[in-house]
Asks: 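Starting off with a structure, shown below.
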Amino acid sequence: MREQLVKNKDKIYDGINRCTSITVHETANTSKGADAQAHANLQSSGNVRQASWHITVDDTEAIRSYPDTAQCWHGGTREAAESSIAVEICVNSDGDYDQAFKNAARAVRDLRRQHGIGRSKVYDHAHWTGKDCPSKMRAAGRWKEFLDLTDPNQKENPVGMISPFDGRLTGHHNDRGGYPGHKGLDIAPPKPGQVGMPIYAAFAGTIRVLHRTAKPGNLKSTWAKGRTGNGMLVSNPDGEGNGYNHMRPLDHFKVGDKVVAGQLLGYNDRSGNQTGPHLHFEMLEDWDNEDSDYPPELAFEKFKIKPGSAPVRTSIAPVKPAGGSSKPSMPAAKPSVPADVKKKLKAMGYKNLDAGDVEAYQAWHGLVPDGGWGPKTEAKYQEVVRAQNATKKMKGVPDNWASDGYWGATSKKWAGYASGRNGWGNPHGYLTKKYINNLKKAQAW
């Protein structure tokens, strides 16, 4: 896509476009030469029309006039301007409309991937005001065809799927025989009652919602309406979404973070309304619509994965998705653990004192979990020790707990206490840059 950005802001509203939908228009200009370049020039020169749009597409190219975040004057409503990206398709008589149609679908597909916009949030102009636009497409009954072309297909988006949890399938989606209103499928751990079992990203995507504070038995909604546990909502590149319920996300994750298929997300817990520990996994046609759920069984079947099968992985780190090469990959050799590192791990309470424990430490503290105690891991360890010692210097915090380099329950308890006492706004005691900066300002560091 080529850029020819409009320099002035006369034809856009103030504010940031939320980019939660895409609106498709046609220029309605059948004159010869009324191609994408001509319309881009029209906008650049000031545009006598009381309208503006982000992208113009013809049979040879797409030209961007405004960034996606601009609130262009289109759709006939302020809501369209504030939330939707406008794509205009040229209908010039000397152009190839069928090719422009395909090029526009490709542009919309790229926008969907970039912003995580679901199929149901791709609108025609008629959606907003009832105007017969895009008229040529509507007259030919080609809207569904256009939408189909905007869906990222497997060849163009080879993400693949990973089994998210090792265990036993214990509950189906309501459309597959599960109880009424059950929006996902349930996978219980290998042994009944187990918690703290790792959960992995089934697909690549972007974290949209996180919840970490739900207690066992909670009945209030958390990361989505009707979901009562800790968990996470991830949007996929094609605009679909994945929900993970009754899972304690890793502390370092925040909304907006990218994840890859097979990446460790967190561990199953007892949070929310559940009769026994399990992962409740959901698939959503539109990540931004909590009621767009469909049977996750369909995804497992598509990728030939048995629900509850062991995730295909060689470590806690991201791994190759299932459904790729037919040759099984050999597990990577585990790094050896030096004696001084084993001593540190033992002081933290780890039992095996091997590369797996190093991985667990790295994952817990927001590092790439490769099992090797390298300079970055050592630097994190030293940072944690220093943060623990600094926290002990804060008024009211006792010093009779270990500075062992592991930011666990005790460290978070007293960091939360120090933060509350000083108005730092960190009630859960997370080890963040802001908390460290506050310790420095308090001259405790």
Side-chain angles (χ1 to χ4, degrees), residues 195-199 210-216 230-232 247-255 257 264-271 316 337 340-371 373-445:
V195 293
M197 304 297 290
I199 296 172
L210 287 166
H211 197 93
R212 295 188 175 95
T213 59
K215 303 294 184 182
N230 293 320
M232 178 186 295
M247 177 191 78
R248 178 62 163 79
L250 297 180
D251 281 353
H252 69 274
F253 280 131
K254 62 183 182 300
V255 171
D257 283 350
L264 180 69
L265 299 181
Y267 299 90
N268 80 303
D269 64 11
R270 300 183 187 277
S271 64
I316 295 178
V337 180
D340 64 318
V341 174
K342 289 183 178 180
K343 185 176 180 180
K344 293 173 181 175
L345 292 171
K346 185 176 182 179
M348 297 178 208
Y350 287 101
K351 304 297 182 183
N352 298 322
L353 311 183
D354 59 6
D357 282 350
V358 175
E359 286 182 351
Y361 177 83
Q362 291 168 323
W364 183 257
H365 292 87
L367 303 172
V368 175
D370 57 15
W373 193 282
K376 290 185 178 180
T377 306
E378 178 63 24
K380 174 58 69 174
Y381 170 81
Q382 295 296 340
E383 179 185 72
V384 174
V385 170
R386 190 167 184 179
Q388 290 171 323
N389 287 331
T391 301
K392 293 176 184 179
K393 296 178 182 178
M394 299 304 298
K395 186 174 181 179
V397 178
D399 61 1
N400 60 348
W401 48 283
S403 297
D404 56 7
Y406 184 87
W407 199 259
T410 302
S411 299
K412 290 194 289 186
K413 172 185 175 181
W414 292 115
Y417 172 83
S419 296
R421 184 171 184 134
N422 291 277
W424 294 346
N426 183 22
H428 303 296
Y430 296 136
L431 181 58
T432 62
K433 289 182 180 179
K434 183 178 180 180
Y435 178 68
I436 291 174
N437 287 335
N438 283 327
L439 290 174
K440 291 178 180 178
K441 290 178 181 177
Q443 298 184 341
W445 191 260

Asks: Name all residues meeting the ring-ring contact (aromatic ring centres under 6.0 Å, His included) criterion together with Tyr381; count only those two or more places apart in sequence or in a different chain, and write none if there are none.
Replies: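 Testing Tyr381 for ring-ring contact (aromatic ring centres under 6.0 Å, His included), a comparison that skips the adjacent residues, returns Trp373.
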Asks: Counting distance only, does the side-chain N/O of Asn268 pair as donor-acceptor with the main-chain N or O of Gly196 below 3.5 Å?
Replies: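 Yes, because the side chain of Asn268 sits within donor-acceptor range (under 3.5 Å) of the backbone of Gly196.
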Asks: Check Lys343 with Asp340, please: is the shortest side-chain N to carboxylate O separation under 4.0 Å?
Replies: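 Not counted as a salt bridge, because no side-chain N and carboxylate O are separated by less than 4.0 Å.
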Asks: Could you go through the side-chain contact (heavy atoms from CB on, under 4.5 Å) check for Arg421 and Tyr417 one step at a time?
Replies: CA-CA 6 Å; Arg421 184 171 184 134; Tyr417 172 83; 2.8 Å; yes
Asks: Between Gln388 and Asp404, is there a side-chain heavy-atom distance shorter than 4.5 Å?
Replies: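 Yes. Closest side-chain heavy atoms under 4.5 Å.
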Asks: Begin with the C-alpha distance, continue with both residues' side-chain angles, and end with the deciding distance and a verdict on side-chain contact (heavy atoms from CB on, under 4.5 Å) for Tyr430 and Arg212.
Replies: CA-CA 12 Å; Tyr430 296 136; Arg212 295 188 175 95; 3.3 Å; yes
Asks: Could you state the interatomic distance from CE (Met394) to OG (Ser419), rounded to the nearest 0.5 Å?
Replies: 8.5 Å
Asks: Can a cation-pi geometry be assigned to Lys392 and Trp401, taking NZ or CZ under 6.0 Å from the six-membered ring centre and within 45° of the ring axis?
Replies: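 Judged by the rule, Lys392 and Trp401 form a cation-pi pair.
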Asks: Show, in sequence, the C-alpha distance, side-chain angles and deciding distance for Asn230 and Asp269, and conclude whether the side chain to side chain donor-acceptor pair (under 3.5 Å) test is met.
Replies: CA-CA 8 Å; Asn230 293 320; Asp269 64 11; 2.9 Å; yes
Asks: About how many Å separate CE of Met247 and OH of Tyr267, when rounded to the nearest 0.5 Å?
Replies: 11.0 Å
Asks: How long is the span from the CG atom in Asn438 to the OG1 atom in Thr432, to the nearest 0.5 Å?
Replies: 8.0 Å
Asks: I'd like to know if the side chain of Asn389 reaches the main chain of Arg386, judged simply by a donor and an acceptor atom lying under 3.5 Å from each other, with no hydrogens or angles considered.
Replies: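 It does not hold such a pair.
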Asks: Looking at Glu383 and Lys380, does any basic side-chain N land under 4.0 Å from a carboxylate oxygen?
Replies: yes
Asks: Atom CG in Leu264, atom CZ in Phe253: separation rounded to 0.5 Å?
Replies: 7.0 Å
Asks: Looking only at atom types and distance, does a side-chain atom of Arg248 sit under 3.5 Å from a main-chain N or O of Arg270, one as donor and one as acceptor?
Replies: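 No; zero donor-acceptor contacts below 3.5 Å.
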Asks: Are the side chains of His211 and Thr213 in touch, meaning some heavy atoms are under 4.5 Å apart?
Replies: yes
Asks: Determine the sole option in Val358, Leu353, Asp354 for which the side chain to side chain contact (heavy atoms under 4.5 Å, CB included) test with Lys342 is passed.
Replies: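 Per the side chain to side chain contact (heavy atoms under 4.5 Å, CB included) rule, the option paired with Lys342 is Leu353, out of Val358, Leu353, Asp354.
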Asks: Do you know which two heavy atoms are closest between Pro249 and Gly231, and how far apart they sit?
Replies: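 So the two residues come closest at CG-O, 3.5 Å.
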Asks: Main chain of Thr377, side chain of Tyr361: is a donor-acceptor contact present, judged purely on distance under 3.5 Å?
Replies: no
Asks: Looking only at heavy atoms, what is the nearest atom pair of Val385 and Ser403, with distance?
Replies: CG2-O, 4.1 Å
Asks: Grab the two heavy atoms, one from Ser271 and one from Ala214, that are nearest each other, plus how far apart they are.
Replies: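 Taking Ser271 first and Ala214 second, the nearest heavy atoms are CB-O, 3.5 Å.
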Asks: When rounded to the nearest 0.5 angstrom, what distance separates CG in Asp257 from NE2 in His252?
Replies: 7.0 Å
Asks: For Trp407 and Gly429, indicate whether the former's side chain and the latter's backbone hold a donor-acceptor pair under 3.5 Å.
Replies: yes
Asks: Would a 4.5 Å heavy-atom cut-off, applied to side chains only, mark Ile199 and Met232 as touching?
Replies: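 Ile199 vs Met232: side chains apart.
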Asks: With rounding to the nearest 0.5 Å, note down the distance linking OH in Tyr435 to CG in Asn426.
Replies: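 Rounded to the nearest 0.5 Å, the OH-CG separation comes out at 7.5 Å.
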